[in-house]
Undergrad: 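Here it is, the structure, as C-alpha cells.
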2 protein chains.
Amino acid sequence: MTGTGIDGVARALGVSTATVSRALRGLPGVSAATRDRVLAAAEELGYVPSSSAAHLASGRTMALGVLLPRIDEWYFAAALEGVDRALRAAGYDLVVFSLGGSGRNRERVFHRSMLRKRIDGLLVMCMELTPEELAALQQLDYPSLTVGGYVEGLRNVSIDDSAAAGDAVDHLVSLGHRKIAYLAGGDGHGVHFSVPARREAAFRRSLARHGLPVRPEWMVFGDFRFGAAKEAAERLLGAPGERPTAVFASSDEMAFGVLAAAQELGVRVPEELSVIGIDDHDFAGPLGLTTVRQDPREQGSCAAGLLLAELRGHPAQANPPWQPHRLVVRRSTGPPAGAPGFDRPGPTLHGEETAARKLFVGPVDFRSARSTP
Amino acid sequence: MTGTGIDGVARALGVSTATVSRALRGLPGVSAATRDRVLAAAEELGYVPSSSAAHLASGRTMALGVLLPRIDEWYFAAALEGVDRALRAAGYDLVVFSLGGSGRNRERVFHRSMLRKRIDGLLVMCMELTPEELAALQQLDYPSLTVGGYVEGLRNVSIDDSAAAGDAVDHLVSLGHRKIAYLAGGDGHGVHFSVPARREAAFRRSLARHGLPVRPEWMVFGDFRFGAAKEAAERLLGAPGERPTAVFASSDEMAFGVLAAAQELGVRVPEELSVIGIDDHDFAGPLGLTTVRQDPREQGSCAAGLLLAELRGHPAQANPPWQPHRLVVRRSTGPPAGAPGFDRPGPTLHGEETAARKLFVGPVDFRSARSTP
DNA sequence: CTGTTAGCGCCTTCAA
DNA sequence: TTGAAGGCGCTAACAG
C-alpha cells in the first residue's frame, strides 16, 4: 500500500534487489515462480520504480521530448497527439517544450529545460533552428528528428509541401482557373517556420509552369489563422478591379476564413470563387472544402516511431520518404464562371444546385470523398 | 564544450562540487568571486546538470504532469499551453499524459507512466476519476488539482459551468425566446467528462426557473464536435413539426455546426434562429457567434501557479474561486420572429440587415463586443 | 538462476 | 565561505 523502494520488495521476499529488478522488467534469468512472487509483492506493496534512479543507473530516461512553437494550433496539437500515441505504446513518456507562440522564451527553453537530460531523444516540430541552436542540440547528441518542418542537418518527417501546393494549383488549373490568388501563412510570433516559404515558392513555380502570371495584389497574408485570413480575403475580394476566380489558402483554417469572407460579400462558392486549402481539418469535410489532405497525427506517430527504433539500437535510417498527401475534392471548387463544366467529369448537379450556392456547400459525407492521385 | 559532470567543473576550478552546486543554484554562502568563476567555468565546459541526479538527491523533479483525455481538442490544447506558460516562467518542465481520446490506455497511463515519479505534482484536466484511480493518485501524494472538471476530493480550477449555462439561457430568454433547444456535448471516447452533465443540468434548471418546459425532442447530442453537431442540428431543424427559435450549444465548436446546418437548410440567423455557445473559440469573433466566454489558457496557467506555489511550500489553498466567464453578445442571437425588438436595446440594424441574414453574421470587431456581467 | 558490489550525478547535512 | 562524505534508488557487471 505505502510507497516502497525496490529494496523493500526485495526484503519482503527475501531476495535480492537485482532479482526484483530483473523480474519486474521481464528480463531472462528469473524462474517463473520467483517472477510471480515478485510481481505479486510489488503490486501488494504498491511499489513504483523511480524513473530518475533508473535513468541514473541505466542511462535511459524512457522519455522523449518535443519542441514546438506552441501547443494550441491545429497541426501542432494533432501531431503531438500522434507522437504521444506512439510513445504510449512503447512505454515512453512525453515531455513538451513549447515556446508559447513567441520567440522570447526561446533561449530559456534551449538552455534550461531541454538540456537537462530528461529525455532520450528530441522531436523538433515545425521550427527552423538557428545555427547555435542546432549546434547546442547536436552537442547534446540525443537522436533527433524534425516533424513538419525542415532543419538542415536533421532528418525530417513531413509531406512534400512543394508537391502538395503544386497539386492544389494543378487542380484549380485543370478546372479552368487562370486567375488564382494565394493566401500565405506565416510567422506571426517570431518563430520561424520553413513551411510557408516552401508552399509559396511552389505556388509561384506552379503558376509559372502553367504559363500564368503571379499577381502581387493577389498574394495576401493570413498568418495561418481564421480571423486574419478572413480579413485578408475580404480586402482581396472586395477590392475594386478584377477579382480572382480561385483562392489557394495554404491552410484549411485560412480557407475557412476565405469562405466566411466570400459569404460576407455575397460571393458565391464555387460559382464565382473556388477555394482550396491544405490540411483536411476536422471542419473541412462538413464544410465541403476541397483540400490537400495530410495527417499530422500519423506524421507525429511516424517520427516518434523512428526515434524509438533508433533508441532500441536499430541503425538510424536515412531521411525517411515523404509522408503521403492527397487531393480531396469537395464542393468548394468548380470551374470558373466562363468555363461551364470545363474538364469537370461526372453528372451535373441537379437538386444540389441550390446547395452549391451556399457557403457551406452541400451535405457531404467526407468519408466518401474522392481522392486524386 | 563537451559534456561534463559537476565534478568536472569543480576540478577545473579546484573547488568542491558542493560549492559548484551552490553557486549554480544561486544559494547563499558563496562569495561573489567564486560564484562568477563557477558560472564562467560551467558555461565554458558546457556543463548541464542532470535532472535525474538532482531529483534523486533533492527529491524534486522540477516537472509537473498533466493528465488529459486527449491533446488535440480546443480546450485541452489551450489549457495545456496555459499550464506550460506558467511552468516555463518557473523553470519547470511539462510532462503530458494523454489518454489519446480513448479509455483503453487508461490503466496503462495510470499504472505505468504517471506513477514513475517523474513529476512533483499533477494537474487532472477535464476528467472524472474512478475511485481506484483517485486512490492511486492520492497514494502517490503529490499535490494535485483539477482543471476544467470536477473530481471529488481534489481542488478545482474552472468556470462555474452551471452559472455559465444559466447565463446563456437567461440571455436567450431575455430576448424573448421560449422555444429553446439544447445541444449537448459528451463523451464520445470512453473518457468521463463531468462538464457536460453540469451544463445540461443547468440548462434544465434554467428553463424550469423561467417556467419553460424541456422538450425531449429538442435535447440533442453533438459530442463537442463540429461534424456531429452539424448533423444533429440538421435533424433538429429539419424535423417536421415545431422548430425551436434558439439553440444553446454547450460549446462553440458545436455552435458552429448549428450555424452550418442552419445555412444548409436556409434557416436565417438570427431572424429565424438564435444560436449561442460556450467558449469564445478563435472563430467565434469573426463568425459573429454570441457565446459565454472562458479562457482555458488562463485557467491552465492559474492551476499550474497554484500547484507551483504549494511546491514552494506555501500552504495549500482551499478550493479556489470560480474562474471568470462572461456573456459576449454578437450577432448570432436576436429576438425571435414573433417578438421584434423585444428587450433588445440599441438602434435597429440598417444596412446590416442584409448581412444579418447571412450565416456569418455581419462584420464584427469582436474586441468591441459588449459583455454582460 | 540468484546474490554481491559498484557506481550513475548530484544535493545536503555536518565539520572546518 | 568552503570541503568531505554519505546517500537518493536503481541497474549492470561479475560471482556464485
Side-chain angles (χ1 to χ4, degrees), chain A residues 2-39 41-42 45-63 91 112 115-120 140 311 313, chain B residues 2-39 41-42 45-63 91 112 115-120 140 142 313:
Chain A
T2 177
T4 328
I6 198 175
D7 58 338
V9 182
R11 220 173 304 129
L13 263 63
V15 300
S16 73
T17 61
T19 297
V20 175
S21 176
R22 285 191 279 251
L24 254 27
R25 288 181 298 151
L27 295 184
V30 186
S31 73
T34 311
R35 185 190 315 288
D36 290 347
R37 287 172 56 219
V38 170
L39 261 47
L45 297 171
Y47 167 64
V48 174
S50 155
S51 60
S52 293
H55 172 205
L56 225 49
S58 72
R60 270 166 277 113
T61 65
M62 297 298 281
R112 176 157 195 163
L115 312 181
R116 266 190 300 197
K117 311 193 170 162
R118 189 163 282 191
I119 56 181
D120 293 333
L140 292 174
L311 293 176
Chain B
T2 176
T4 327
I6 198 174
D7 56 338
V9 181
R11 221 175 302 128
L13 263 61
V15 300
S16 73
T17 60
T19 298
V20 176
S21 175
R22 284 191 277 252
L24 252 28
R25 288 180 299 149
L27 295 184
V30 186
S31 72
T34 311
R35 184 191 315 288
D36 291 346
R37 289 172 55 219
V38 169
L39 261 45
L45 297 170
Y47 169 64
V48 174
S50 155
S51 60
S52 293
H55 172 204
L56 223 49
S58 72
R60 270 165 276 116
T61 64
M62 297 298 281
R112 174 159 197 161
L115 312 182
R116 265 191 298 196
K117 310 193 169 161
R118 207 181 276 275
I119 56 180
D120 293 333
L140 293 175
Y142 19 61

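Reminder, nothing fancy here: chain letters follow the sequence lines and each chain counts from 1.
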Undergrad: Got a donor-acceptor contact below 3.5 angstrom from the A/S21 side chain to the A/T17 backbone?
TA: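 No; judged by distance alone, with no hydrogens or angles, the pair does not exist.
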Undergrad: Short of 4.0 Å, heavy atom to strand atom, which residues of residues 29-36 of chain A count as contacting DNA chain C?
TA: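 When residues 29-36 of chain A is checked for heavy atoms under 4.0 Å from DNA chain C, the hits, listed by number, are A/G29, A/V30, A/S31, A/T34.
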Undergrad: Check whether any side-chain N or O of B/S16 sits under 4.0 Å from OP1 or OP2 of D/dA4, and answer yes or no.
TA: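 For B/S16, the contact criterion (side-chain N or O under 4.0 Å from OP1 or OP2 of D/dA4) is not met.
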Undergrad: How long is the gap from CG on A/L56 to OG on B/S51, to the nearest 0.5 Å?
TA: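 Here the rounded value is 9.5 Å.
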Undergrad: Considering the terminal five base pairs at each end of the helix from C/dC1-D/dG16 to C/dA16-D/dT1, what angle separates the two local helix axes, rounded to 10°?
TA: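 The helix from C/dC1-D/dG16 to C/dA16-D/dT1 shows an end-to-end axis angle of 30°.
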Undergrad: Which pair of non-hydrogen atoms, one from B/A23 and one from B/L39, has the smallest distance, and what is that distance?
TA: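 Taking B/A23 first and B/L39 second, the nearest heavy atoms are O-CD1, 4.0 Å.
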Undergrad: Kindly give the heavy-atom pair with the smallest separation between B/T34 and B/V30, and that separation in Å.
TA: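 Shortest heavy-atom contact: CB-CG1, 3.8 Å.
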Undergrad: Mind running side chain to side chain contact (heavy atoms under 4.5 Å, CB included) on B/H55 and A/H55 for me, showing each step along the way?
TA: CA-CA 11 Å; B/H55 172 204; A/H55 172 205; over 6 Å; no
Undergrad: To the nearest 0.5 Å, what is the distance between CG on A/L311 and CG on A/D120?
TA: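 Reported value, rounded in 0.5 Å steps: 5.5 Å.
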Undergrad: Mind checking salt bridge (charged side-chain N to carboxylate O under 4.0 Å, His left out) for A/R22 and listing every partner two or more places apart, or none if nothing turns up?
TA: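 By the salt bridge (charged side-chain N to carboxylate O under 4.0 Å, His left out) rule, A/R22 matches no residue at all.
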Undergrad: According to salt bridge (Lys or Arg N to Asp or Glu O under 4.0 Å), does anything in residues 25-34 of chain B pair up with another residue at least two apart or in another chain? List the pairs.
TA: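 For residues 25-34 of chain B, and leaving out neighbouring residues, there are no salt bridge (Lys or Arg N to Asp or Glu O under 4.0 Å) pairs at all.
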Undergrad: Can you give one letter per nucleotide of nucleotides 8-16 of chain D, going 5' to 3': B for a protein heavy atom under 4.0 Å from the base, S for sugar-phosphate only, - for none?
TA: BBBBBB---
Undergrad: Answer with base, sugar-phosphate or nothing: what part of the nucleic acid does B/G8 contact at a heavy-atom distance below 4.0 Å?
TA: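 Nothing, no nucleic acid heavy atom in range.
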Undergrad: Side-chain polar contacts of residues 5-13 of chain B - donor-acceptor pairs under 3.5 angstrom, sequence neighbours left out - could you list them?
TA:
unit_1	atom_1	unit_2	atom_2	d
B/D7	OD2	B/R11	NH2	3.1

Undergrad: Side chain to side chain contact (heavy atoms under 4.5 Å, CB included), that's the test. Do A/R118 and A/T61 meet it? Break it down for me.
TA: CA-CA 6 Å; A/R118 189 163 282 191; A/T61 65; 5.7 Å; no
